[in-house]
Amino acid sequence: MANISKEEVKHVANLARLAITDEEAVKFALQLGAITDFAKQLEELDTTNVVPTTHVLPLVNVLREDKAVKGLDRETMMLNVKEQEAGQVKVPSIMD
Amino acid sequence: MTLFERTAKELQTLLHSKELTIADLTKEAFERVEKLDGDVEAFLALNKDKALATASELDQVPFEERGPLFGLPIGVKDNIVTEGLETTCASKILEGFNPIYDATVVHKLRAAGMVTIGKLNMDEFAMGSSNENSAYKTTKNPWSLDRVPGGSSGASAAAVAAGEVPFSLGSDTGGSIRQPASYCGVVGMKPTYGRVSRFGLVAFASSLDQIGPITRNVTDNALLLEAISGLDANDSTSADVEVPNFAAALTGNIEGLKIAVPKEFLGEGVSETVRQSVLDALKVLEAKGATWEEVSLPHSKYALAAYYILSSSEASSNLSRFDGIRYGFRAENAQNLMELYKETRAQGFGDEVKRRIMLGTYSLSAGTYDAYYKKAQQVRTLIKEDYDKVLAEYDVIIGPTAPTPAFKIGENVEDPLTMYANDILTIPINLAGVPAISIPCGFEDGLPLGLQIIGNYFDESTIYRVAHVYEQATDFHKQTPQIWEGK
């Protein structure tokens, strides 16, 4: 039934920045395979020349006046940051 | 017996005659929560100290400055940010997250003088139909504690059904307000896309998400929708259309109303009792001067597949912001930045959220984009055109909200596809973007059923008018679960 391989799941997990075990990859391959199989029914419909709908409102652009407004202050912005130093967000090394 | 079986209007009368204070009402909410929430498990966080302090302040405001919802308690779904009150989306990845601003709807609740009692449980990031996907607790259906309240706004419906609060806010991406309202026997409205600002609603699928009100009756629902609606500079997809006085639309008159009943909504998978309850409701509306005809929405059967591709694709993008850097949960002992991202997300998200992120990422990938994502967007166009055609000829579309009453906890957890099928009657409405309500319309084995009334873009007024006529003619909304009286 599954039309998505364990390797494909691992590839997708990497793109989505999700650590994944071998065992999980097998389980998700089966489940995602069933869902994409189900989605194959869309192929029954001829959609030649049908314009895709991205969202339903007839909106083109929404612009505001080009005027500076005050944002949140740094102290507030940093309230939920777990690791910080000198008012900046701290992360582990970016390169090995 | 609780004060919350009364309507907003009745509560205002008690406040104005000084038989009751806002502090009394607020205390009543916390007493109800204390008494019932051990069983129902609807609340994730309570706002007790602030709410009681606010109530005392509000009691000082002169009566002539108060609106119809002034001083009334409300619960808020946990994907709507509340400054200083923990907001988790029922996910471990937002554990301990303390928002630094309020959602626009929360501002509006405050402007209306409403008192926030606490935050309500949900399926993690609103992905689910049963509240079983919460990382913290499984909310129970007040009508039968071994059953789900529905989802994803399950606790928003359960808290109102149990009389813990008379009002709540939910959000609806594919049925997340209407299906739980149906399962819990309360009134839940998904407004037109763009009617209510999404600023401060943690995004799941941005082209489908809408915040909406859950209440015990139609009039209160209309009042709450008016309070939270309107254009917002902080949400570029909020619509620049006038916000009507929805309650004024409740004229009690549906003479000449044209109802469409899609044959696809009463077909396979819909329980006989559910089907009969809809036919009975149509008789009630006919007796009040409406007419109905069977119509077809031919692309309905494709909505579920299109929805899961589109909503998951949007979610995979929206949920990329949860990386453990700026807020929420952060994995320990990561050796480098990439490992920190991957481990934080692997440990912080539950399985359903991971499934949808991966399905979305897959659908958007080179090589599958045209076959999945673009195809689903084209099918969305066909579905929307179905609705446009029918609503050009009819005032409302009526059908059931869900194919069955609430299912048992644990019954569908192992099989995502069966779980998804619970939303088959609500999902097309989000794809089309039109408004729809669920109101109580009967019982099957003691469990509530919901009638879904769908209207044209920005015509919530007609939906409310029809719902109100039906409510006046029936007493399903007056029934309360046994738990209501306490154990």
Side-chain angles (χ1 to χ4, degrees), chain A residues 4 8-9 11-21 24 27-28 31-32 34-59 61-64 69 72-73 75-84 89-96, chain B residues 96-98 100-101 193-194 206-207 233 236-237 239 299 301-302 304-306 308-309 316 320 323-328 330 334-343 345-347 349 354-355 357-359 361-362 365 371-372 374-382 384 416-417 431-433 457:
Chain A
I4 296 184
E8 275 179 293
V9 169
H11 172 66
V12 166
N14 178 52
L15 291 175
R17 302 292 183 255
L18 287 165
I20 190 166
T21 64
E24 286 173 320
K27 181 183 76 179
F28 283 126
Q31 291 173 337
L32 292 173
I35 298 168
T36 49
D37 270 354
F38 175 71
K40 285 222 158 50
Q41 61 174 285
L42 297 184
E43 288 168 13
E44 291 167 19
L45 291 170
D46 181 5
T47 50
T48 322
N49 299 326
V50 174
V51 181
T53 295
T54 50
H55 77 111
V56 296
L57 297 179
L59 286 173
N61 266 325
V62 178
L63 304 172
R64 66 165 173 82
V69 288
L72 294 161
D73 59 59
E75 209 177 303
T76 311
M77 297 287 281
M78 297 298 284
L79 273 178
N80 282 286
V81 178
K82 285 252 160 70
E83 282 187 63
Q84 46 184 295
V89 179
K90 205 173 163 184
V91 295
S93 65
I94 289 170
M95 284 175 290
D96 290 323
Chain B
F97 172 59
N98 224 330
I100 55 177
Y101 60 87
Y193 182 80
S206 308
S207 81
S236 59
T237 61
H299 298 97
K301 69 177 260 209
Y302 301 103
L304 199 59
Y308 276 94
I309 290 170
S316 72
S320 63
D323 57 7
I325 305 295
R326 291 151 299 154
Y327 41 74
R330 173 183 267 207
Q335 299 304 306
N336 56 48
L337 189 62
M338 183 59 93
E339 201 180 307
L340 178 68
Y341 291 149
K342 286 188 174 179
E343 281 303 325
R345 290 164 64 80
Q347 295 170 34
F349 290 134
K354 288 181 190 171
R355 239 182 330 262
I357 289 174
M358 287 194 282
L359 176 64
T361 306
Y362 179 76
S365 300
Y372 288 93
K374 191 180 167 202
K375 183 81 182 182
Q377 285 188 319
Q378 289 173 312
V379 173
R380 183 176 185 182
T381 304
L382 299 176
K384 183 180 183 303
L417 276 174
L431 292 173
Y457 297 92

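Throughout, protein chains are lettered first and strands after them, A, B, ... in sequence-line order, and every chain is numbered starting at 1.
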Residue [X] versus chain B: region with a heavy atom under 4.5 Å:
{"X": "A:L45", "answer": "both"}
{"X": "A:K90", "answer": "backbone"}
{"X": "A:L42", "answer": "both"}
{"X": "A:E24", "answer": "side chain"}
{"X": "A:M77", "answer": "both"}
{"X": "A:T21", "answer": "neither"}
{"X": "A:L18", "answer": "both"}
{"X": "A:V12", "answer": "both"}

(message) So, using salt bridge (charged side-chain N to carboxylate O under 4.0 Å, His left out) as the criterion, who are the partners of B:K384 when residues are at least two apart?
(response)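 Scan of B:K384 (salt bridge (charged side-chain N to carboxylate O under 4.0 Å, His left out), adjacent residues dropped) gives B:D388.
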
(message) More than 12 heavy atoms of other residues, nucleotides or ligands under 6.0 Å from NE2 of A:H11: yes or no?
(response) no

Please find the pair of heavy atoms, one from [X] and one from [Y], that lie closest to each other, and give the distance.
{"X": "A:V62", "Y": "B:S236", "result": "CG2-O, 3.4 Å"}
{"X": "B:A346", "Y": "A:A19", "result": "CB-O, 3.4 Å"}
{"X": "B:Q377", "Y": "A:T54", "result": "NE2-CG2, 3.4 Å"}
{"X": "B:G433", "Y": "A:V56", "result": "CA-CG2, 3.8 Å"}
{"X": "B:A334", "Y": "A:P92", "result": "O-CB, 4.2 Å"}
{"X": "A:S93", "Y": "B:Q335", "result": "OG-O, 3.6 Å"}

So, taking the atom named [atom1] in [X] and the one named [atom2] in [Y], what distance separates them when rounded to the nearest 0.5 Å?
{"X": "B:K342", "Y": "A:I20", "atom1": "NZ", "atom2": "CD1", "result": "10.5 Å"}
{"X": "A:L79", "Y": "B:Y327", "atom1": "CG", "atom2": "OH", "result": "14.0 Å"}
{"X": "A:K82", "Y": "B:I325", "atom1": "NZ", "atom2": "CD1", "result": "11.0 Å"}
{"X": "B:K354", "Y": "A:K27", "atom1": "NZ", "atom2": "NZ", "result": "7.5 Å"}
{"X": "B:M338", "Y": "A:I94", "atom1": "CE", "atom2": "CD1", "result": "11.0 Å"}
{"X": "B:R355", "Y": "A:F28", "atom1": "CZ", "atom2": "CZ", "result": "6.0 Å"}

(request) Among the options A:L57, A:L59, A:L15, pick out the one with the most heavy-atom pairs lying under 4.5 Å from chain B. (result) A:L57

(request) Could you check which of A:V89, A:V9, A:T76 has the highest count of heavy-atom pairs closer than 4.5 Å to chain B? (result) A:T76

(message) What I'd like to find out is whether the side chain of B:Y362 reaches to under 4.5 Å of the side chain of A:L32, using heavy atoms alone.
(response) no

Go through the atoms of [X] and report whether side chain, backbone, both or neither lie under 4.5 Å from a heavy atom of chain A.
{"X": "B:A371", "value": "neither"}
{"X": "B:L359", "value": "both"}
{"X": "B:I309", "value": "side chain"}
{"X": "B:L431", "value": "backbone"}

Any donor-acceptor pair under 3.5 Å from [X] side chain to [Y] backbone:
{"X": "B:T381", "Y": "A:V51", "answer": "yes"}
{"X": "A:N80", "Y": "B:N98", "answer": "yes"}
{"X": "B:R345", "Y": "A:R17", "answer": "yes"}
{"X": "B:Q378", "Y": "A:V50", "answer": "yes"}

(message) Just to verify, what does A:E44 make a side-chain contact (heavy atoms from CB on, under 4.5 Å) with, not counting sequence neighbours?
(response) A:Q41, B:K301, B:Y302

